[in-house]
**Student:** 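One structure is given below, represented as structure tokens, and several questions about it will come after.
Read the numbers this way: they start at 1 and go in the same order the structure lists the ligands and their atoms. Throughout, numbering of the chain's residues begins at 1 and tracks the sequence. Every value quoted in this text rests on a predicted model; they were computed, and no experiment measured them.
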Amino acid sequence: MSHALSAFESKLVHAGIAKDVHGSVVPPIYQTSTFAFESAQQGADRFAGKADGFIYTRLGNPTIRALEDCVAALEQGAGGIATASGMGAVSTAYLAMLRSGDHVVSTASVYGPSRTLMERHLSRFGVASTYVDTSDLDAVRGAMRAETRMVYIETPSNPMMQITDIPAIAELAHARGAVLVVDSTFASPYLQQPLLLGADVVLHSVTKFINGHADIVGGILVGRDQETTARLRQTMTLLGCNMDPHQAFMVHRGVKTLALRIERAQRNAVEIARWLEARPDIAWVRYIGLPSHPQYELAKRQMRGPGSMISFEMRGGFEAGKSLMNSVKLAALAVSLGGVETLIEHPASMTHSGVPQAERAEAGISDGLVRYSVGIEDVRDLIADLQQAFDGDRGHALGTDFGADFGSGNLAHPTVAT
Ligand SMILES: *Cc1c(COP(=O)(O)O)cnc(C)c1O
């Protein structure tokens with residue numbers, strides 16, 4: 001059925017879902033570790049890859065396959081491989097595609113554990129790596145060596161939302177015989193399809209936008225062609241970082257509303273980013289949907305929309321950031337992103353509080369930096385929450401009548417109330 005679907009939103013709802021004997025509308029949870037063969041010959045044929053069918057859940061399972069086929073259709077790749085976590089997908093990509101003596105060029109602000117795994121662990125197996133600002137093509141070119149076999153990028157990056165030019169990097173990597181792997185978690189398949197832009201492998205932490213409900217940890221890889229996909233699958237099954245059927249069921253339920261969730265959160269984010277940009281207590285706002293973003297034009301070329309992640313700098317520095325954390329009432333103080341609920345994070349006092357200030361600054365994490373993952377709540381409530389947090393008693397209490405400040409005509413200009 002899925003091959004007949006062309007529009008992204010239709011794929012979200014229908015791709016990967018096959019008819020079963022009972023006409024179940026939703027793929028059931030095949031909570032089984034193993035699958036019985038009808039005969040010795042059938043078992044032999046399945047092991048030999050001559051017959052379709054499942055053998056053992058680490059190798060594949062119908063509930064997991066339904067999700068994998070759905071995301072592969074969204075990314076327009078050859079096949080998906082679901083993993084226990086996003087890091088399971090990262091580990092699989094590294095171990096499937098690299099060998100001793102290889103060199104990797106990677107985005108400097110890549111997800112911390114992806115870098116730690118590469119620098120502390122892959123290095124023990126003879127894989128070298130260099131970290132550069134991959135939004136700078138010359139820096140990538142300069143970092144390439146004869147032994148570079150992989151370019152590993154994250155775009156948009158965290159927390160500065162830097163955009164790496166996927167087609168340009170793909171061309172550069174391929175010209176040197178390297179593969180391009182894209183961690184597209186911050187975009188989701190709705191906003192960006194790296195395989196169509198030249199990447200060989202795209203991966204996601206489905207924990208974030210794809211599942212979208214902050215109730216599951218998981219990951220997925222999609223390969224550009226059959227050969228790459230088969231290699232990734234074999235490595236994943238040997239590593240044993242498979243997703244489980246219940247997890248896959250939950251993620252598959254979550255992904256169906258991906259477009260709706262992102263459209264709504266993105267609409268909220270555009271409004272909040274403009275509101276923040278006009279506040280005197282904010283030094284700067286970094287949001288892909290603002291013309292002030294340094295790669296606004298590039299983002300428009302390779303992304304369908306700007307998404308819902310905003311970073312901003314409090315003029316009051318560390319104390320102002322910390323105080324904001326203690327004053328918000330609607331946004332939850334939590335790491336992670338991409339869920340229906342709004343989350344706020346102050347790296348200097350939270351995730352990176354153990355890192356010395358000089359090192360934090362080197363990583364682009366200033367003392368007043370706040371990361372805001374916009375959810376699907378009513379934008380007026382989100383703005384009121386920030387406003388009361390910034391202004392204290394001068395702000396609005398949640399749950400009050402917003403009518404006076406947020407009449408319908410004022411929605412596009414909510415700063416009038418400050
Ligand atoms: C969260 C995240 C990961 C890791 O995913 P887990 O599901 O936590 O293992 C990898 N890359 C990016 C960009 C992430 O945000």
Side-chain angles (χ1 to χ4, degrees), residues 64 67 71 75 80-95 104 106-119 121-122 129 131 134-135 150-164 166 180-192 194 199 201-222 232 236 239-244 246-248 250-251 254-255 258 262 265 286 288 303 307-311 334-339 343-345 347 350-352 363-365 371-374:
I64 303 170
L67 172 69
V71 178
E75 293 285 9
I81 300 106
T83 53
S85 69
M87 282 310 297
V90 174
S91 316
T92 299
Y94 287 171
L95 286 156
V104 178
S106 180
T107 304
S109 56
V110 73
Y111 185 68
S114 302
R115 182 162 176 171
T116 305
L117 177 63
M118 179 60 72
E119 284 189 311
H121 299 279
L122 271 288
S129 53
Y131 296 84
T134 49
S135 68
M150 178 187 287
V151 179
Y152 183 98
I153 63 172
E154 207 171 290
T155 182
S157 75
N158 176 39
M160 293 304 285
M161 313 301 150
Q162 276 161 319
I163 309 292
T164 293
I166 300 173
L180 174 61
V181 178
V182 179
D183 181 337
S184 194
T185 299
F186 269 59
S188 91
Y190 181 62
L191 296 181
Q192 173 173 286
V201 176
V202 57
L203 66 89
H204 295 272
S205 166
V206 304
T207 313
K208 319 295 166 50
F209 290 99
I210 289 182
N211 180 56
H213 293 74
D215 51 10
I216 279 291
V217 168
I220 201 158
L221 301 133
V222 180
L232 292 167
M236 185 284 285
L239 283 170
C241 57
N242 57 288
M243 189 176 270
D244 80 46
H246 186 260
Q247 209 182 350
M250 295 286 281
V251 176
V255 77
L258 181 71
I262 291 191
R286 183 58 69 88
I288 298 165
M303 296 177 73
S308 51
M309 293 300 295
I310 303 174
S311 288
V335 297
S336 197
L337 58 129
L343 305 179
I344 194 165
E345 208 248 311
M350 292 168 64
T351 42
H352 294 68
I365 296 170
R371 197 185 75 178
Y372 195 72
S373 171
V374 183

**Student:** How many angstroms lie between atom CG of N158 and atom CZ of R371, to the nearest 0.5 angstrom?
**Tutor:**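 Rounded to the nearest 0.5 Å, the CG-CZ separation comes to 4.5 Å.
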
**Student:** Which distance, rounded to the nearest 0.5 Å, do you find between the NE2 of H204 and the CG of N211?
**Tutor:**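 Spacing of NE2 (H204) from CG (N211) equals 13.0 Å.
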
**Student:** Closest non-hydrogen protein atom to atom 6 (P) of ligand 1, residue and atom name please, with distance?
**Tutor:**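 For atom 6 (P) of ligand 1, the nearest protein heavy atom is G86 N, 3.3 Å.
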
**Student:** Minimum heavy-atom separation for T185 and F209, please, with both atom names.
**Tutor:**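 What the structure gives for the nearest pair is O-CD1, 3.4 Å.
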
**Student:** Sub-3.5 Å donor-acceptor pair from the side chain of S311 to the main-chain atoms of M160, do we have one?
**Tutor:**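 It does not hold such a pair.
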
**Student:** Please report whether ligand 1 has a polar contact with E154, defined as an N or O pair separated by less than 3.5 Å (distance criterion only).
**Tutor:**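 In this structure, E154 places no N or O atom under 3.5 Å from an N or O of ligand 1.
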
**Student:** So, T83 side chain and S85 main chain: donor-acceptor pair closer than 3.5 Å or not?
**Tutor:**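 Checking the backbone N and O of S85 against the side chain of T83, a donor-acceptor pair under 3.5 Å is found.
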
**Student:** With a cut-off of 4.0 Å, which atoms of ligand 1 are near a heavy atom of G218?
**Tutor:**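 Near G218, meaning under 4.0 Å from one of its heavy atoms, ligand 1 has 7 (O).
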
**Student:** Can you give me the closest heavy-atom contact between V217 and T207, atom names plus distance?
**Tutor:**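 Taking V217 first and T207 second, the nearest heavy atoms are CA-OG1, 3.4 Å.
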
**Student:** Within a distance under 4.0 Å of any heavy atom of S85, pick out the atoms of ligand 1 and give their elements.
**Tutor:**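 Here the atoms of ligand 1 in question are 7 (O), 9 (O).
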
**Student:** Go through ligand 1 atom by atom and flag the ones less than 4.0 Å from a non-hydrogen atom of V217.
**Tutor:**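 Every atom of ligand 1 under 4.0 Å from some heavy atom of V217: 7 (O).
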
**Student:** Give me the nearest non-hydrogen protein atom to atom 5 (O) of ligand 1 as residue plus atom name, then the distance to 0.1 Å.
**Tutor:**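 The answer is S205 OG, 3.0 Å.
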
**Student:** I need the nearest protein heavy-atom contact for atom 2 (C) of ligand 1: residue, atom name and distance, please.
**Tutor:**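 So the nearest neighbour among protein heavy atoms is K208 NZ, 2.6 Å.
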
**Student:** What residue and atom, counting heavy atoms only, is the protein's closest point to atom 8 (O) of ligand 1, and at what distance?
**Tutor:**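 Scanning the protein heavy atoms, the shortest distance from atom 8 (O) of ligand 1 goes to Y111 OH, 3.8 Å.
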
**Student:** Counting only nitrogen or oxygen atoms and a 3.5 angstrom limit, does M87 reach ligand 1?
**Tutor:**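 For ligand 1, there is an N or O atom that lies under 3.5 Å from one belonging to M87.
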
**Student:** Any atoms of ligand 1 less than 4.0 Å from a non-hydrogen atom of D183? List them with their elements.
**Tutor:**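 Once the distances to D183 are compared, the set is 10 (C), 11 (N), 12 (C), 13 (C).
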
**Student:** Q192 pairs by side-chain contact (heavy atoms from CB on, under 4.5 Å) with which of P189, P194, S188?
**Tutor:**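 Only match with Q192 under side-chain contact (heavy atoms from CB on, under 4.5 Å): P194.
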
